[in-house]
2 protein chains.
Amino acid sequence: MSETRRRATRQGAAVDEALAAADGFLTAQALYDELRGRGDPIGLTTVYRHLRRLAEDGAVDVVTRPDGEAAYRLCGPASSGAPEQHHHHLVCRICGFSVEIEGPEVESWAHRVAADAGFTNVSHTLEIFGECSRHAGR
Amino acid sequence: MSETRRRATRQGAAVDEALAAADGFLTAQALYDELRGRGDPIGLTTVYRHLRRLAEDGAVDVVTRPDGEAAYRLCGPASSGAPEQHHHHLVCRICGFSVEIEGPEVESWAHRVAADAGFTNVSHTLEIFGECSRHAGR
DNA sequence: AGGGATATTGACAACGGTTGTCAGTAGCGT
DNA sequence: ACGCTACTGACAACCGTTGTCAATATCCCT
């Protein structure tokens, strides 16, 4: 019942801003460095808290890099309300640049395969990593 | 040049055995507990070392669970030399039971999507998690 | 067999990313 | 203004995993 009210803070705005300014996925650490670098004091804990909340609210996409670190990016070009449909990402492992990809075929394939094996309550993870054209020749 | 020779040890055999006995994916911790439980003293570090080496040798498959923990399983029914082709897994998030799945369509789809976006040096992660038939009604 | 070179072991510490703690601070409704 | 309380952030804890290094076990060689 008691929906606790949300407050606007300088740090929260800074996180939103930095995310909006980024053109790709950022790790919490990178975001933290970015903010401090631009003279915007913030605590690492606070960065994590905002990212976690944004992720829960579906405002940011989260991908888990091969090394296990999480990277975040504002969800969809226009995070205007609508709870973004299921999609995956093609992420540059060098600069974080990413492209959203949708693969209805893959989605249905995954569910079909799982169902055929008698699995229920199915979910899946799918990320594609590579090096974007900007880093072509190494 | 100098290929250092490998030695057979009780611990190494124990790890292989436990992996062979398991019918699904095991985390390093679970494997460690299993071995100690059956009165087979071993160090956690050693377990990790063997798993890492097995993974490097392609003798075990590794999946990263949604919570980030790694789980291991002997590769293919018969790990008879041949360097197993690329495949993915359908894993029960309750008991670790898993099924190997192959999706040529998905593989090519992933590469095509990446190539279309100008990405090179492409790799991808894909895991499907669910609850196997044994745990159907919760 | 015996012995020596060295791969392996394992208790322990360190690491890296992330989350919990909690007193202090700052937004917001009144 | 004032007070309630969400938010902040330095710090410690956590968890899976890897590094360290002296002690040990294995294997090759004679």
Side-chain angles (χ1 to χ4, degrees), chain A residues 1-18 25-37 39-57 59-73 91 93 96 125 127, chain B residues 1-18 25-37 39-57 59-73 91 93 96 125 127:
Chain A
M1 288 296 129
S2 53
E3 274 291 315
T4 50
R5 201 102 176 56
R6 188 149 306 172
R7 289 177 188 174
T9 64
R10 176 181 60 75
Q11 292 89 337
V15 169
D16 292 347
E17 244 177 72
F25 278 83
L26 287 176
T27 63
Q29 191 69 48
L31 189 48
Y32 172 75
D33 292 342
E34 166 67 19
L35 289 175
R36 303 217 123 200
D40 225 331
I42 192 172
L44 184 54
T45 307
T46 303
V47 172
Y48 273 106
R49 250 190 310 247
H50 278 284
L51 288 175
R52 189 142 61 98
R53 173 129 63 183
L54 288 169
E56 282 167 3
D57 292 352
V60 299
D61 286 326
V62 186
V63 298
T64 301
R65 314 259 278 323
D67 67 350
E69 195 171 358
Y72 307 79
R73 198 192 65 160
V91 185
R93 67 169 73 87
T125 64
E127 318 288 357
Chain B
M1 306 281 138
S2 52
E3 275 291 314
T4 51
R5 203 102 174 58
R6 187 148 308 172
R7 289 178 187 173
T9 65
R10 176 180 60 76
Q11 293 88 337
V15 168
D16 292 347
E17 244 177 73
F25 278 83
L26 286 176
T27 62
Q29 192 68 49
L31 189 47
Y32 172 74
D33 291 341
E34 167 67 20
L35 288 175
R36 303 218 123 198
D40 225 330
I42 192 172
L44 184 54
T45 307
T46 302
V47 172
Y48 273 105
R49 251 190 310 246
H50 278 284
L51 289 175
R52 189 142 63 99
R53 172 130 64 183
L54 289 169
E56 282 167 3
D57 293 351
V60 299
D61 287 325
V62 187
V63 298
T64 302
R65 314 257 283 318
D67 67 351
E69 195 170 358
Y72 307 79
R73 198 192 65 161
V91 185
R93 67 169 71 89
T125 64
E127 318 289 356

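Basis for what follows: all heavy atoms, side chains included, without hydrogens, waters or symmetry-related copies. Quick caveat: nothing in here was measured; it's all calculated off a predicted structure. Residue numbers begin at 1 in each chain, while the letters A, B, ... track the order of the sequences.
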Give a yes or no on whether a donor-acceptor pair under 3.5 Å exists between the nucleobase atoms of C/dG10, that is its base, and the side chain of B/R49. yes
Return the value, rounded to whole Å, for the distance between atom CZ of B/R6 and atom C1' of C/dA5. 18 Å
From the options D/dG9, C/dT9, C/dG17, select the nucleotide whose nearest atom is closest to the side chain of B/T46. C/dT9
Checking all strands, does A/R53 fall into the base, sugar-phosphate, or nothing category for heavy-atom contacts under 4.0 angstrom? sugar-phosphate
Using a 4.5 Å cut-off on heavy atoms from C-beta on, say whether the side chain of B/L26 contacts that of B/Y72. no
Any side-chain N or O of A/Y48 less than 4.0 Å from the OP1 or OP2 oxygen of C/dT18? yes
Under-3.5 Å donor-acceptor pair between B/T45 side chain and C/dA11 base: yes
Sort out for me which residue in B/L44, B/T46, B/V15 forms a side-chain contact (heavy atoms from CB on, under 4.5 Å) with B/Y32. B/L44
Counting just side-chain N and O atoms, does A/R5 come under 4.0 Å of either OP1 or OP2 of C/dG29? yes
Just to confirm, is there a sub-4.0 Å distance from OP1 or OP2 of D/dT8 to any side-chain nitrogen or oxygen of A/T9? yes
Spacing between A/D67 atom CG and D/dT17 atom P, to the nearest angstrom: 13 Å
Rounded to whole Å, please give me the gap between CG in A/L31 and C1' in C/dG17. 15 Å
Nearest-Å distance for atom pair CG/P, residues A/L26 and C/dG17: 14 Å
Applying salt bridge (Lys or Arg N to Asp or Glu O under 4.0 Å) as the test, list every pair that has at least one member in residues 40-55 of chain B; sequence neighbours left out. B/R10-B/D40
How long is the line joining CG of A/L44 and C1' of C/dT21, in whole Å? 15 Å
For B/H50 and C/dT8, is the shortest distance between a side-chain N/O and OP1 or OP2 below 4.0 Å? no
State whether A/Q11 places a side-chain N or O below 4.0 Å from either non-bridging phosphate oxygen (OP1 or OP2) of D/dC7. no
Starting at atom CZ of A/R52, determine the distance to atom P of D/dA6, rounded to an integer number of angstrom. 16 Å
Can you measure A/E56 atom CD to C/dT18 atom C1' for me and round it to whole angstrom units? 14 Å
Nearest-nucleotide check on DNA chain D, B/T27 vs B/A8; residue mapping nearer the 5' end is B/T27
Give the rounded distance in Å between these two atoms: CZ of B/R7 and P of D/dT26. 10 Å
When the nearest nucleotide of DNA chain C is assigned to A/G68 and to A/R10 on a heavy-atom basis, which residue is associated with the more 5' position? A/G68
For side chain to side chain contact (heavy atoms under 4.5 Å, CB included), just list the numbers for A/D16 and A/L54, CA-CA rounded to whole Å, side-chain angles, deciding distance to a tenth of an Å, and then say yes or no. CA-CA 9 Å; A/D16 292 347; A/L54 288 169; 3.9 Å; yes
Run the side chain to side chain contact (heavy atoms under 4.5 Å, CB included) test against B/E69 and tell me which residues pass, sequence neighbours left out. B/T27, B/Q29, B/R65, B/D67
